[in-house]
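Worksheet for the structure shown next.
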Amino acid sequence: MQVLILGAGQLARMMALAGAPLNIKIIAYDVQTESLVHPVTREVFSHDLEYGIANVDVITAELEHIAPDILNICQASGKFYPGEEAILAGGNRCKEKVLLDKLGVNNARYQIIANRDDFDVAVANMSLPMVLKSAFGGYDGKGQWRLKTPAYADIIWQDIVKFLAASHKTERQYIIAEEFVKFHREVSLIGARSQNGSIAIYPLTENIHVDGVLNVSVSASEDTALQAQAEAMFEVIAVALNYIGVLAIEFFDVSGTLMVNEIAPRVHNSGHWTQQGAEICQFENHLRAVCSLPLGSTKRIRPTAMINIIGEATVPISVMSIAHVHWYDKEPRLGRKIGHINLCAFNDKQLGESLKVLALHLTKDEFPALMVAAENLS
Ligand code: ATP
Ligand code: MG
């Protein structure tokens with residue numbers, strides 16, 4: 001089986017590694033260089049994208065920021081999963097919000113902003129602080145602004161104008177003004193839906209972000225009522241999109257009531273723990289779903305924490321004696337995710353203790369959320 005992945009980053013790399021035992025061969029389309037590459041060795045293939053599309057069995061994506069013309073030709077091939085509609089819903093916050101509202105899925109109040117007048121109306125009508133997000137092209141907290149008081153409205157608007165001017169020209173960019181949610185924590189749900197409609201969902205993961213970037217995800221014991229709430233929303237969204245593949249949903253947990261933050265039509269950073277913590281990892285399950293193979297068990301086999309390695313963070317080799325280290329073979333750069341660590345334990349309490357031990361090997365500056373995650377478990 002040959003699969004073409006749109007995007008050639010770490011998610012494509014980890015799918016290729018997970019697919020190898022199933023004889024699933026992956027080629028990846030690097031959107032930056034516009035070439036087909038091997039997602040692990042980075043070997044550049046001489047064929048172009050059209051050839052790749054015509055000659056693989058299945059096409060999928062590791063990112064949602066895909067040029068409309070590429071999306072169109074992939075969709076027209078009839079072998080693209082989860083497909084254009086799902087990619088657009090995850091890649092454009094306007095479409096995402098409209099979908100969530102249509103399905104009656106709880107999400108933060110918002111207004112769509114196209115110009116300064118809309119912005120002024122939003123500032124006047126919505127409670128502050130508010131979060132302003134670009135409709136597309138944002139990730140890891142980029143393309144986002146926080147407005148705390150009206151006094152900063154002018155400064156933030158000037159910044160937004162600059163961002164809009166630099167934005168993609170083929171599609172109209174909008175800004176979403178969203179109420180600031182006073183959540184007590186963030187959680188996410190990863191699940192897979194197959195071509196015959198069966199669904200397999202992993203346990204909820206608790207996520208700790210620092211400056212809008214995911215730092216630590218912990219999969220430990222969770223409230224069953226919360227899991228049921230999240231699964232019900234997952235099912236509504238996945239069925240409405242006739243979704244095939246792995247879908248991730250990020251939630252705000254507001255005192256036991258979940259509110260969707262955003263959806264990602266792909267494998268997700270908060271699901272990396274499944275490589276060591278679940279029976280079958282998210283990467284393999286995504287491939288199983290898009291290749292019409294039976295879904296694998298999403299059971300958590302042990303509490304696991306995933307810690308992102310970001311920017312120029314260093315990891316002493318001593319960490320390898322207590323945890324699993326996954327490198328992405330990427331050049332270190334400020335804010336860039338270059339690897340992650342999976343730390344496993346027999347129970348929640350021991351996972352908390354192990355996180356404290358791990359913190360002795362790593363610097364607090366480079367891994368700021370480790371002790372927070374440890375305290376949450378104790
Ligand atoms: P990702 O890398 O997950 O794609 P992103 O840049 O697309 O991130 P969001 O997930 O929307 O953006 O926001 C990043 C983080 O900012 C959230 O995980 C959350 O911590 C915070 N945040 C976003 N929206 C809100 C909100 N309405 N209220 C409070 N905090 C928010
Ligand atoms: Mg997010």
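Atoms within a ligand are numbered from 1 in the order they appear, just like the ligands themselves.
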Does the [X] side chain pair with the main chain of [Y], one donor and one acceptor, at a distance under 3.5 Å?
X	Y	answer
N196	S198	yes
E179	M126	no
Q282	V246	no

Query - Any N/O pair F252/ligand 1 closer than 3.5 Å - result: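 No, there is no polar N/O contact under 3.5 Å.
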
Query raised in the report: Has ligand 1 got any nitrogen or oxygen that is less than 3.5 angstrom from a nitrogen or oxygen of R146?
Result: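 There is such a contact, yes.
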
Report task. Locate the shortest heavy-atom distance separating L362 from P316; write the atom from each residue and the value. Result ->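 In terms of heavy atoms, the two residues are closest at CD2-CD, 3.8 Å.
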
Heavy atoms only, cut-off 4.0 Å: how does [X] contact ligand 1, side chain, backbone, both, or neither?
X	value
V131	side chain
N269	neither
R93	side chain

Requested in this report: Apply side chain to side chain contact (heavy atoms under 4.5 Å, CB included) to N107 and E262, showing your working.
Outcome: CA-CA 9 Å; N107 67 93; E262 59 173 352; over 6 Å; no

**Report entry** cation_pi(R172, Y174) dist<6.0 Å, angle<=45
**Finding:**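 So R172 does make the cation-pi contact.
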
Best match, [options]: closest heavy atom to [atom]:
atom	options	answer
atom 14 (C) of ligand 1	E250, H268, Q144	Q144
atom 11 (O) of ligand 1	K133, E96, E179, M130	K133
atom 29 (C) of ligand 1	Y110, F136, F180	F180

Query raised in the report: Do you know which N/O/S atom name in E262 is closest to the Mg ion (ligand 2)?
Result: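 Output for this pair reads OE2.
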
Report task. For the Mg ion (ligand 2), find the closest N/O/S atom belonging to E250 and write down its atom name. Result ->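 For E250, the N, O or S atom at the smallest distance from the Mg ion (ligand 2) is OE1.
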
Under 4.0 Å from a heavy atom of [X]: which atoms of ligand 1 are those, numbered in the order shown and with their elements?
X	value
H209	18 (O)
F183	29 (C), 30 (N)
E178	24 (N), 25 (C), 26 (C), 27 (N)
E186	17 (C), 18 (O), 19 (C), 20 (O)

Query - Donor-acceptor pair between R193 and N242 side chains, under 3.5 angstrom - result: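 On atom types as modelled, these side chains qualify, holding a pair under 3.5 Å.
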
Requested in this report: Report yes or no: do E250 and H268 form a side-chain donor-acceptor pair below 3.5 Å?
Outcome: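 The answer is yes; a qualifying pair exists.
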
Query raised in the report: Can you check side chain to side chain donor-acceptor pair (under 3.5 Å) on D48 and Y29, steps first, answer last?
Result: CA-CA 9 Å; D48 60 8; Y29 177 67; over 6 Å; no

Report task. Drop me the distance from Y110's OH to E96's CD, to the nearest 0.5 angstrom. Result ->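 So the gap between those two atoms works out to 10.5 Å.
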
Query - Contact with ligand 1 for K182, non-hydrogen, under 4.0 angstrom - result: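 No, K182 has no heavy atom closer than 4.0 Å to ligand 1.
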
